[in-house]
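For reference, the structure discussed in these notes is given below.
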Number of protein chains: 2
Amino acid sequence: MTRANHRVTSLDVARAAGVSQSAVSRSFTAGASVAPETRTRVLAAASALGYRPNILARSLVSRTSGLVGIVMGHLTNPFYPAVLEAFGAALRRVDKRMLLIPVPDGDVDQVIGEVLQHQVDGIVVASATLSSALAEECARQGRPVVLFNRTTTAPTVATVSCDNDGAGRLVARTLVAAGHRRLLYVAGTPDSSTNVERERGFRAEAAALGAAVRVVAGLYRYDTAFAAVTAALTQPPDAVFAANDVMGCATIDAARRHGLAVPEDLSVIAMDDGPMAAWAGYDLTVIRQPVTDMVAAAVDLLLAAGRGEAPAHIRLPGTLTERGSARL
Amino acid sequence: MTRANHRVTSLDVARAAGVSQSAVSRSFTAGASVAPETRTRVLAAASALGYRPNILARSLVSRTSGLVGIVMGHLTNPFYPAVLEAFGAALRRVDKRMLLIPVPDGDVDQVIGEVLQHQVDGIVVASATLSSALAEECARQGRPVVLFNRTTTAPTVATVSCDNDGAGRLVARTLVAAGHRRLLYVAGTPDSSTNVERERGFRAEAAALGAAVRVVAGLYRYDTAFAAVTAALTQPPDAVFAANDVMGCATIDAARRHGLAVPEDLSVIAMDDGPMAAWAGYDLTVIRQPVTDMVAAAVDLLLAAGRGEAPAHIRLPGTLTERGSARL
DNA sequence: CTGTTAGCGCTTTCAT
DNA sequence: ATGAAAGCGCTAACAG
């Protein structure tokens with residue numbers, strides 16, 4: 001038991017163990033030179049007093065906070081909670097924690113400032129972009145930035161994303177091969193690189209194969225996608241590629257409401273593979289993004305940058321997961 | 001422009017502005033006594049050099065880190081991302097950030113240790129509980145803990161939750177008033193206070209009104225709930241209360257697959273009001289938890305504890321949101 | 001209002 | 001292997 005309301009410091013432990021304060025510090029530092037016997041004594045005293053090293057103080061001198069800033073846009077898109085969990089696990093493995101900043105919208109730049117003040121060891125920006133001016137400032141301060149699920153031309157930031165162009169092509173190829181000719185693309189937010197690439201790949205491949213592609217704006221959200229698809233159904237396509245799974249669900253719901261059966265009358269393939277894609281009510285055929293690998297790659301890039309390596313750009317392939325929403 | 005690869009400190013700014021280092025500190029402290037003219041000069045120098053105060057150093061002396069630990073269980077339950085966003089917004093308003101620890105399962109205690117080392121100003125534990133030993137240690141260190149969406153008997157932790165018992169009663173009353181008699185409760189994880197309270201209230205009120213209640217185990221997950229409900233449908237109930245919205249969706253899907261129409265053959269009411277509850281495919285009648293208010297209350301409790309007030313227990317009522325899944 | 005002076009709790013040379 | 005001492009970058013008295 002320890003006295004109430006008193007922050008136990010390494011000095012307290014030192015006194016209790018009859019050693020110097022630095023001996024205590026060493027006992028808590030992996031691979032420091034302490035006599036095993038000393039260390040045991042120190043650890044005993046420490047746990048008796050309920051001592052835990054103060055990471056803030058340590059960070060101040062070691063110049064690494066053990067914190068990684070995660071700047072994330074729309075947590076309500078079920079893709080991102082999965083990403084968050086993956087980052088939590090991956091970062092814990094390298095003994096770092098997440099400083100999470102859910103950014104309302106747009107004002108990423110301001111938010112990055114806050115994160116920098118916390119002396120984070122790196123920053124992950126997901127579902128948003130930051131100005132190149134700020135990217136440069138991060139670089140100057142030696143704080144690696146990796147853009148997750150977005151690409152950029154800023155030379156100082158690393159990026160990790162799915163091969164969206166390839167995914168779009170794969171879907172087009174798959175649908176056309178199954179005999180579909182009138183294709184509909186339900187787009188995400190038009191300014192996101194993710195959406196742009198998926199659309200580009202999908203259209204290019206479809207065009208090459210002689211299939212027509214119409215595009216409606218779904219903005220990555222259920223309600224907008226539902227409305228857009230409903231409107232598009234006046235001239236029904238035979239297959240839909242939705243830029244994320246939420247909009248895939250919206251497409252299916254809109255089709256059913258319109259009296260169309262999925263997949264008999266309409267094939268639906270969506271990007272992402274969140275929890276609801278597997279629900280019995282949807283059974284959505286999807287392109288699964290390799291979230292775990294993407295996150296692992298992002299963490300690697302962060303660490304690599306910490307070692308002074310140049311920012312890289314990683315693209316991982318998505319994989320087609322066939323379920324019941326597409327007649328292939 | 002500033003020199004590459006050099007962390008700008010307040011001393012650098014002081015020199016550049018021709019003032020003392022403390023003048024710089026004051027210029028960045030709200031309500032400190034600095035001549036306006038001095039402050040402008042300092043701020044100018046600071047922004048020229050790209051200076052940002054180092055929060056770590058500040059925290060070390062001010063003894064508040066500006067960090068709140070958020071320990072969260074299942075991010076994949078769509079209820080929690082919404083909670084996270086709300087906390088992000090509410091905490092930012094009091095100038096604090098989130099140290100997010102997604103806890104795999106169970107090992108909350110170990111995780112709290114990490115959080116404590118970061119000198120957090122408080123800890124929010126959502127969808128999990130912590131041992132009372134650890135709760136006591138937090139208290140001793142003066143770090144307020146609030147349990148979110150869980151209750152406990154530990155005297156040192158505050159709690160915020162929905163009035164789950166009341167919600168259960170409300171649903172039973174509503175369902176029975178609409179003529180339903182054979183009720184089914186799709187339970188969440190049996191050891192969560194949340195589930196226990198909902199079930200207790202639902203059963204008590206149903207019993208009082210002379211309606212029968214069967215219970216199946218859904219574990220708060222889609223797949224288990226789908227299987228459990230499917231099995232229960234061999235002797236169909238007329239109404240279902242699902243302990244969360246995901247299981248509500250599972251119930252609807254299971255019913256439809258079984259050839260039952262919702263709400264004609266089966267009324268479904270669920271707890272929580274996540275994004276998909278409003279989807280056209282489900283149109284789920286729900287008890288909405290007042291997330292924003294709950295989060296605001298949690299933040300208040302954190303701040304109150306910081307001022308030395310005793311831990312309180314707050315319960316906010318849920319509200320019935322009628323949509324199309326229940327015949328009322 | 002401003003500068004000087006102590007630390008916050010820890011890591012890290014540098015001697016011993 | 002250990003202790004003494006010098007900071008990490010900042011805030012907070014305390015004089016002036």
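Below, chain A is the first sequence line, B the second, and so on; all start at residue 1.
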Looking only at side chains, do [X] and [Y] share a donor and an acceptor under 3.5 Å apart?
{"X": "T159(A)", "Y": "S161(A)", "value": "no"}
{"X": "T156(A)", "Y": "E136(A)", "value": "no"}
{"X": "N195(A)", "Y": "Y220(A)", "value": "no"}

Carboxylate-amine/guanidinium proximity below 4.0 Å for D95(A) and R97(A):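 Between R97(A) and D95(A) there is a salt bridge, with a charged N closer than 4.0 Å to a carboxylate O.
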side-chain hydrogen bond (donor to acceptor under 3.5 Å, both in side chains) pairs, two or more places apart, involving residues 30-41 of chain A: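 Every pair satisfying side-chain hydrogen bond (donor to acceptor under 3.5 Å, both in side chains) with a residue in residues 30-41 of chain A: there are none.
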For A57(A), is there any backbone N or O sitting under 3.5 Å from a side-chain donor or acceptor partner on N54(A)?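 Judged by distance alone, yes, a pair lies under 3.5 Å.
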Treating T151(A) as the side-chain partner and S193(A) as the backbone partner, does any N or O pair qualify as donor plus acceptor under 3.5 Å?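 Here the side-chain-to-backbone pair does not exist.
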Which heavy-atom pair separates A90(B) from V299(B) by the least distance, and what is that distance?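 The pair with the smallest heavy-atom distance is CB-CG2, 3.9 Å.
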At the 4.0 Å heavy-atom cut-off to chain A, mark where contacts on DNA chain C begin and end, going 5' to 3'.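 Answer, 5' to 3': dG9(C) to dT13(C).
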Check nucleotides 11-14 of chain D against the protein and report each pair of N or O atoms closer than 3.5 Å, with its distance, or say if there are none.
residue : atom : partner : partner atom : Å
dT11(D) : OP1  : R58(B)  : NE           : 3.4
dT11(D) : OP2  : S25(B)  : OG           : 2.4
dT11(D) : O4   : Q21(B)  : OE1          : 3.4
dA13(D) : N6   : R26(B)  : NH2          : 3.1

Most 5' of L60(B) and R39(B) on DNA chain C, judged by nearest nucleotide: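 Closer to the 5' end of DNA chain C: R39(B).
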Hey, which sits more toward the 5' end of DNA chain C by its nearest nucleotide, R52(A) or P36(B)?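 Result of the comparison: P36(B).
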Round to the nearest Å and state the distance from N54(B) atom CG to dG9(D) atom C1'.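 Checked: the CG to C1' distance equals 6 Å.
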